[in-house]
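These notes concern the structure reproduced below.
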Amino acid sequence: MSAEAPARPPQRIALLTEPLREQIRALFPRYPSKRAVTLPALHLVHEHLRCVPLQAMSEIAELLEIAPAEVHDTMSFYGFFPQAPIGDVRVWVCRSLSCMLRGGDELLGHACRKLGIHPGETTPDGKLTVEFAECLGICDHAPAALADDGRVYGPLDEAGVEAMLDELKRGRKDGPTRA
Amino acid sequence: MATFEPVLTRNWNVPDARSLKVYESRGGYQAARKALTTMDPDAVVNLVKDSELRGRGGAGFPCGLKWTFLPKDRKETLMCVNGDESEPATFNNRYLLERDPHMFLEGILISCFATRASTSYVYLRFEYIEATRIIEEAIAEARAAGHLGKNIYGTGFNLDVWVHRGAGAYICGEETGLIESLEGKRGWPRIKPPFPAIEGAFRKPTVVNNIETLCCVPHIVERGAAWFKSIGTPKSYGPKLYTVSGHVEKQVCVELPLGVTCRELIDDHAGGVWKGRKAKAAVPGGISMGLLSADELDTPLDFESLRKPGCLGLGTAAVTVIDDHTPIIDYLVNTSRFFAHESCGQCTPCREGTGWMSKTIHRIKNGGGRIEDLDVMLHLAENLGIIPGTTICGLADGAAWPIKNALAKFRPELEEYIRTHQTPGAGPTPLQLDVAAGRRVDLFQVGNAIAAPPPAAALHSPGRPDA
């Protein structure tokens with residue numbers, strides 16, 4: 001047990017690849033300030049990594065020439081960006097008024113029971129993340145759910161939720177995000 | 001209303017209406033061409049001002065008037081399009097984006113020309129994944145065809161349109177919240193003045209308009225202000241997209257002249273209340289706007305008439321129907337939960353108030369309610385928001401209104417619910433009651449009552465009682 005702490009932290013490998021950095025830099029001319037690229041950059045990183053860890057935040061900050069805390073400040077305000085990886089498909093079950101009136105809350109509970117997880121958690125096989133959402137703007141499908149590849153489900157009932165989960169477990173419509 | 005001709009939805013049932021070719025073949029971009037090549041920017045502003053087009057996003061502020069607030073000597077103008085449609089039960093902008101993206105782009109083009117803006121940011125909520133894809137495609141198509149980009153129609157007018165995706169925050173639908181979010185910060189609304197027209201995004205004069213508002217502009221240019229004013233009711237002119245959802249047979253989005261009554265909308269367009277039931281109440285325009293009771297359903301849904309039954313306004317014209325099998329407390333649980341979740345946390349009365357409101361209503365729902373709670377809630381609701389002047393933006397007013405309306409219109413039902421749904425253990429503790437009543441609380445005794453203090457003795461001492 002003579003493991004000594006290394007004198008210096010090991011050199012970190014960059015999380016953001018050069019093509020990804022290039023994609024972020026390409027957005028600079030659109031805005032009068034570099035800071036405005038924060039949200040688009042977070043979206044790009046999230047698409048590639050399925051999360052935005054602390055190190056990615058400081059790398060974004062370096063690119064945008066702002067403090068890492070400023071990136072974190074923005075990121076943590078929004079409900080969208082997780083810091084740890086989520087499942088291959090992320091699905092939101094709506095719980096706002098129109099969906100709630102037609103049983104949205106119960107369907108969220110049903111989906112979670114079926115998968116053995118709580119809202120906001122990922123299945124152990126890493127395939128699905130189920131979250132609740134406030135109005136998804138698809139009330140014409142209420143009670144509705146939205147997958148993060150753009151697929152819309154609804155009007156749902158218990159059988160519909162099960163069919164939806166089976167379909168989502170087969171992967172994304174827009175191709176695998178994980179290598 | 002046999003004479004009403006829908007314009008906003010006119011391409012929806014046309015196959016392939018999203019493509020530029022079909023849109024152009026149906027007279028698309030003719031209004032933009034007319035405005036850019038034959039009109040002066042100020043003439044367009046005056047035309048829109050004359051049409052008395054009011055913002056479709058919620059507040060109903062006259063669009064043309066907003067444009068005239070821009071400083072005359074400005075060097076640069078920005079146009080922000082508010083596509084952060086997050087008001088519960090609202091989805092009309094999504095339909096516009098997905099089914100007729102070029103009409104929206106034409107609206108942007110004319111509005112930017114009128115306000116001399118050469119950059120436009122379309123702020124879309126991230127939930128509109130499909131709509132984002134469609135609009136990006138449409139922008140590329142329009143750019144390739146010369147409707148966007150440099151020197152449009154040879155007039156020397158340049159316009160860039162960029163899509164900016166949000167990340168799931170209701171508050172970014174507030175115009176200054178949207179601007180902050182666009183700048184890469186948290187979406188905290190700003191104190192006004194200065195209004196965005198004077199100092200908005202990146203400290204430049206900025207116009208913020210809703211998607212549906214902009215979609216009206218090409219039609220006004222094409223058909224004139226008089227045509228626009230011939231539709232609707234006095235002070236509320238033009239066509240409007242109404243959405244109906246909740247307890248109805250068909251959840252739909254329909255285009256009707258402003259001023260249609262809530263009952264007409266439910267019975268004629270949404271197939272009536274579902275399962276043959278009766279309506280108990282309806283939300284007139286997104287949950288911030290309050291509640292109409294069953295006998296108020298004949299209220300016209302326009303910018304003015306909804307004040308009479310005590311609602312906040314037309315909002316987004318998103319009607320949600322609640323049937324007579326639903327307890328009104330469920331509605332309150334839902335609205336209070338929504339606002340507690342979506343309060344941005346900047347102003348204390350809203351951050352704490354929405355949270356306590358939600359806790360109180362959940363306690364009532366779970367069987368721990370007291371009759372006095374209703375008065376406490378009312379007191380809280382009356383002191384929350386921009387109208388009593390305790391917050392920066394209107395989110396808290398939206399949180400207060402469902403409570404005010406529900407208490408004014410359904411108080412007997414709520415009292416009845418509290419009386420008949422008492423569950424032992426769900427109510428407040430004696431200590432909480434003492435604090436609420438302002439009685440002196442002996443903290444030492446209270447402490448003793450909650451947990452016996454550890455005896456002053458050494459661990460394992462012979463006399464120590466086992467815990």
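Heavy atoms only: backbone and side chains are in, while hydrogens, waters and symmetry mates are out. Below, chain A is the first sequence line, B the second, and so on; all start at residue 1.
- Taking chain A as the reference chain and counting heavy-atom pairs below 4.5 Å, the highest number among B:Arg337, B:Arg165, B:His164 is found for B:Arg337.
- Taking the six-membered ring where the residue is Trp, the centroids of B:Tyr170 and B:Phe338 are separated by under 6.0 Å.
- Looking at B:Glu180, neither its backbone nor its side chain comes within 4.5 Å of chain A, counting heavy atoms on both sides.
- Closest non-hydrogen pair, A:Val91 versus A:Met164, comes out as CG2-CE, 4.1 Å.
- Proximity of a side-chain donor or acceptor of B:Glu342 to a complementary backbone N or O of B:Ile171 within less than 3.5 Å is not detected.
- Only the side chain of A:Leu146 comes within less than 4.5 Å of a heavy atom of chain B; its backbone N, CA, C and O stay farther away.
- At a 4.5 Å heavy-atom cutoff, the contact between B:Ser181 and chain A is made by backbone and side-chain atoms alike.
- When each of A:Asp140, A:Asp105, A:Leu101 is scored by its heavy-atom pairs under 4.5 Å with chain B, the top score falls to A:Asp140.
- The nearest pair of heavy atoms linking A:Pro155 to A:Ala142 is CB-O, 3.5 Å.
- For the pair A:Arg25 and A:Phe28, the cation-pi test (distance below 6.0 Å, angle within 45°) is failed.
- Contacts of B:Val283 with chain A are made by side-chain atoms alone, with heavy-atom separations under 4.5 Å and no backbone atom involved.
- With a threshold of 4.5 angstrom between heavy atoms, B:Thr326 approaches chain A through side-chain atoms but not through N, CA, C or O.
- Residue contact with chain A, scored on non-hydrogen atoms closer than 4.5 Å, involves the side chain of B:Arg125 exclusively.
- B:Val163 touches chain A through its backbone: at least one of N, CA, C or O sits under 4.5 Å from a heavy atom, while the side chain does not.
- The candidate from A:His141, A:Arg102, A:Met100 with the greatest count of non-hydrogen atom pairs under 4.5 Å with chain B is A:Arg102.
- Contacts of A:Arg151 with chain B are absent, with no heavy-atom separation under 4.5 Å from either backbone or side chain.
- With a 4.5 angstrom heavy-atom cutoff, A:Ala147 touches chain B only via backbone atoms.
- B:Cys344 touches chain A through backbone and side chain together, each having a heavy atom under 4.5 Å away.
- For a residue to count as touching a neighbouring chain, one of its non-hydrogen atoms must lie under 4.5 Å from one of that chain's; by this rule A:Asp149 touches chain B with the backbone only.
- A parallel orientation is assigned to the rings of B:Tyr121 and A:Tyr31, their planes being inclined by less than 30° (bins at 30° and 60°).
- Between B:Gly184 and A:Thr74, the closest heavy-atom pair is O-OG1, 2.7 Å.
- Heavy-atom distances place both the backbone and the side chain of B:Leu182 under 4.5 Å from chain A.
- The side-chain tip of B:Arg143 points at the ring of B:Trp162 from less than 6.0 angstrom away and within 45° of straight on.
- Among the candidates B:Lys278, B:Lys280, B:Arg277, the single residue satisfying the side-chain hydrogen bond (donor to acceptor under 3.5 Å, both in side chains) test with B:Asp323 is B:Arg277.
- The backbone N or O of B:Thr354 lies less than 3.5 Å from no partner atom in the side chain of B:Ser358, so there is not a single donor-acceptor pair.
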Worked check of ring-ring contact (aromatic ring centres under 6.0 Å, His included) between A:Phe132 and A:Trp92:
CA-CA 5 Å; A:Phe132 71 79; A:Trp92 291 278; over 10 Å; no
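- Heavy-atom distances place the side chain of B:Arg94, and not its backbone, under 4.5 Å from chain A.
- The interface of residues 35-43 of chain A with chain B, defined by heavy-atom distances below 4.5 Å, comprises A:Arg35, A:Ala36, A:Thr38, A:Leu39, A:Pro40, A:His43.
- Of the atoms belonging to B:Lys250, not a single heavy atom falls under 4.5 Å from chain A.
- When all heavy atoms are compared, the tightest approach of B:Pro196 to B:Thr176 is CG-CG2, 4.1 Å.
- With a 4.5 angstrom heavy-atom cutoff, A:Leu27 does not touch chain B via any of its atoms.
- Closest of all the heavy-atom pairs between B:Pro402 and B:Tyr331 is CB-OH, 3.2 Å.
- Considering only heavy atoms from C-beta on, A:Gln83 comes within 4.5 Å of A:His72 through its side chain.
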N/O donor-acceptor pairs under 3.5 Å from side chains in residues 53-64 of chain A, not counting sequence neighbours:
from: A:Gln55; atom 1: NE2; to: A:Ile13; atom 2: O; distance (Å): 2.9
from: A:Gln55; atom 1: NE2; to: A:Glu59; atom 2: OE2; distance (Å): 2.8
from: A:Ser58; atom 1: OG; to: A:Gln55; atom 2: O; distance (Å): 2.9
from: A:Glu59; atom 1: OE1; to: A:Leu15; atom 2: N; distance (Å): 3.2
from: A:Glu59; atom 1: OE1; to: A:Leu16; atom 2: N; distance (Å): 2.9
from: A:Glu59; atom 1: OE1; to: A:Arg21; atom 2: NH2; distance (Å): 3.0
from: A:Glu59; atom 1: OE2; to: A:Leu15; atom 2: N; distance (Å): 3.0

